[in-house]
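Below is one structure, written out as structure tokens, with a few remarks after it.
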Amino acid sequence: MFAQVIVDVAAYPVDRPFDYRIPESLQTVLEVGSRVKVPFGPRNVLGFVVGIRAETDVPTNKVRNISEVLDVEPVINAELLQLAKWLKHETICFEIDALQLMIPSALRAKYEKRVHLHVASEQLPPMLQTVFGTKTTAPLQQFEKAGALPLIKQALRLGHVTIENVVKQQGKVKTERYVFIESDVEKLVAIHDSVSKQAKKQRELIAWMQQHAGQMYKPADICEVTNIGVAVLHSVIERGAATFVSQEVYRDPFTKDVHKTTNLQLTDEQDLALLAIQKKLDAQQAHTFLLHGITGSGKTEIYLQAIEQVLAEGKEAIMLVPEIALTPQMTERFRSRFGEQVAVMHSGLSTGEKYDEWRKIQKGEVKVVVGARSAIFVPFTNVGIIILDEEHESTYKQEDVPRYHARDVAVWRSQYHNCPVVLGSATPSLESFARAKKGVYTLLTLSERAKQQSLPTVHVVDLRAELASGNRSMFSTVLVDAMRSRLARREQIVLFLNRRGYSSFVLCRDCGTVVQCKNCDISLTYHRTNENLKCHYCGYEEMLPQQCPSCQSEHIRYFGTGTQKVEEEIHKLFPEARVLRMDVDTTSKKGSHEQLLDAFGNKEADILLGTQMIAKGLDFPDITLVGVLSADTSLHLPDYRAAEKTFQLLTQVSGRAGRHDKPGEVVVQTYTPEHYAIELAKAQAYVPFYEHEMTQRRRSGHPPYYYIALVQISHEDVMQTIRYAQEMADWLRMHLPQSVRILGPTASSIARLQNRYRYQCLIKYKIEPTLIPTLHALIAMYRAEWAKLGVQLTVDLDPSMI
DNA sequence: AGCACGCCGACT
DNA sequence: GTCGGCGTGCTC
């Protein structure tokens, strides 16, 4: 028997199955979808079994044996194997990269090189002896750190040592030690009587155990209940009155308990939407819905009730949310409805926690998963519904390989499982709304807020007029007045700082120099915490300069409106106000996000100040004022989606106010109040915005009128980069039909990254079946000719940033 | 991708 | 003479 294995080497020439002989002893164990350890050339690597056959075309002298099977139960099921193949083709990635998406990172391989000693250590140079110590094996890394690499090479030549590639496997199952009390009471009595009468404590403990025969306790609990020390417990266990057992436990990612809730009364609109979804659930049909509901219209309740039906039918549900920002409040809602059946999956969990949640899903112990993008790959086998909340969010698109979009994967899986997909949003992406209008998706609309609250009143303040009247602060008089009245009424305020594409940089006020990364064409970001400058792309760091690097002026200082600066201003205006600041600095620690939100929910602060991360999901009854400090920072980005993103942001933020009994008010400060994105967001008019934006997109030939693909060339030398980019553009123009528009080559928006220059072509196309095959051919050509010349090529279909 | 193999310059 | 530079080619 032979196994077809995709090896854990992400490279073009090995991106295909390799055949290995399955040794007799493993034939009954090995299944398709399991991980195996195999020899590959001179090293050992991990691989995934993607097929098992009786024959092989590979000459027998070349076929090698599988060395080890790592999973008795396959980690990737048939559906996900198929999905990986689809992803490989659609996103143009290596199959191994697609397969890695399907398993938690705890199960991914780690490799280590170990040096083995074969002679008496006295024969070695002293330096090597110290690293080995008394052991005969040590990681190569330790020799590297000691600077002993040349000595190792020498020892290697002499045959004194060998180097072995070890595949390390994480995925530790957490266990806890429990005390299992002997179940035979007679036996306990016998033990009790055998203990000398002087050992009072021991006799006391055994007597207690007689009352709890056959039960299991944590050691600490026994000690606490009986008020007897651990030492005594140990001696009693030694006498055989109880045994230690290891129990597999799950790491618990939930930090607090929840109260059970039941279904809420639905409005007529909600009922209608739910009914439409339920019809497809009953019919077991793959179908995509776009649930367009204004903020506060109760989309989540529809999700919950649809999932309830799915669970009643014994099926599973996948609920995707954009990012951690949403998960605490959202998961809480799901847990309070479905209790222990819910698993969570997001980047805030540790590797171990993610692994445990994944195992619960794999074993069928949970039926609902609430998670971020990657949760779309959970190994459920009977999916009944897939929901993407805030479907317009760009976080659903992965920015590095495999560059997949969770929405596309959701649709694929829904077809596999014959189940509906629900895309929910208050501000759907133009792509989705256009598809709904064309009838590809079914549009479900919620136009009223669930509790009949009126939408908040939105005031747009013209900052130009404000400036003309002499107010140079970042707060307009309207906003200050509104804040003052809320503070007086002890209501809560949310202040939103729109900083998209904008960060704190360091600028010389004499010559205008902005300190840039030496590897990338990007300004360095100022970090107040350790007073340094950091490149967000390559991680390069340097100290804050005292002098301008180009003109030596000392007038060099930190610039940009950070949240800290706003906080200082608030303190000047309202010294008594309690401010909670939420940004990368205050939320970097695990769980801090949740803590801050909890604190705000408990009214421990009057003002919540933050960036994008507070735009979504916040739902507190006492928020009656939302202030947007500068609406237009996201409006003037070189991105065709700038207006759409601004509209979405303003609508989302406004939706935070007045969700409960008290009416809400929103103050939007801007330098361009006449811009349609701002005017229409003020009116909360999605459809008019959609119509307006669509005419713009049609005129400029942008999505959704065209699909786009981005092909990028990078090289260490500018001239070479331009040359190959031009060659690529010519090649594409020659091989793609006339109807496909190829723009460029042009320099990428970040023209240099990690010392590589970047040029790109933008491909615009309508439905074009030849595109993917042509791109595959381009890559094949590049691999054959350019790769060795130091050229790098990347392809991103449907990029979210261009 | 990694690693071995293999063929040419500068060092003990 | 050997060490080590990195071009070339293979991995079941």
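Keep in mind that the numbers below use all heavy atoms, side chains included, and drop hydrogens, waters and symmetry copies. Below, chains carry the letters A, B, ... as their sequence lines are ordered, and counting in each starts from 1.
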Practice item. Indicate whether any N or O donor in one side chain lies under 3.5 Å from an N or O acceptor in the other, for A/H116 and A/T136. Key: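 The criterion, which ignores hydrogens and geometry beyond distance, is not satisfied for A/T136 and A/H116.
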Without placing hydrogens or testing angles, list every side-chain donor-acceptor pair under 3.5 Å for residues 718-727 of chain A, not counting sequence neighbours.
unit_1, atom_1, unit_2, atom_2, d
A/T721, OG1, A/H715, O, 3.4
A/T721, OG1, A/D717, O, 2.5
A/Q726, NE2, A/D730, OD1, 3.1

Study note, to complete from the structure: Quick note, ring-ring contact (aromatic ring centres under 6.0 Å, His included) partners involving residues 744-766 of chain A, not counting sequence neighbours, are A/Y707-A/Y765
Exercise for review: On DNA chain C, reading 5' to 3', which nucleotide is the first and which the last to sit with an atom under 4.0 Å from a heavy atom of chain A, could you check?
Suggested key: C/dG4 to C/dC12
Practice item. State which residues pass ring pair (Phe, Tyr, Trp, His ring centres under 6.0 Å) with A/F94; sequence neighbours excluded, sorted by chain then number. Key: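 If we apply the ring pair (Phe, Tyr, Trp, His ring centres under 6.0 Å) test to A/F94, skipping adjacent residues, there are no hits.
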Practice item. Sugar-phosphate atoms are those with a prime plus P, OP1 and OP2; base atoms are the rest. Using that split, label each nucleotide of nucleotides 1-12 of chain B B, S or - for protein heavy atoms under 4.0 Å, 5' to 3'. Key: BSS---------
**Study point:** Quiz item: cation-pi between A/R64 and A/Y20, 6.0 Å / 45°
**Key:** no
Review point. When you check the gap from the basic side-chain N to the acidic O, do A/K88 and A/D15 get nearer than 4.0 Å?
Key: yes
Under 3.5 Å donor-acceptor pairs involving side-chain atoms of residues 45-61 of chain A, not counting sequence neighbours:
unit_1, atom_1, unit_2, atom_2, d
A/R53, NH2, A/D19, OD2, 3.1
A/T56, OG1, A/D19, OD2, 2.6
A/T56, OG1, A/V58, N, 3.1

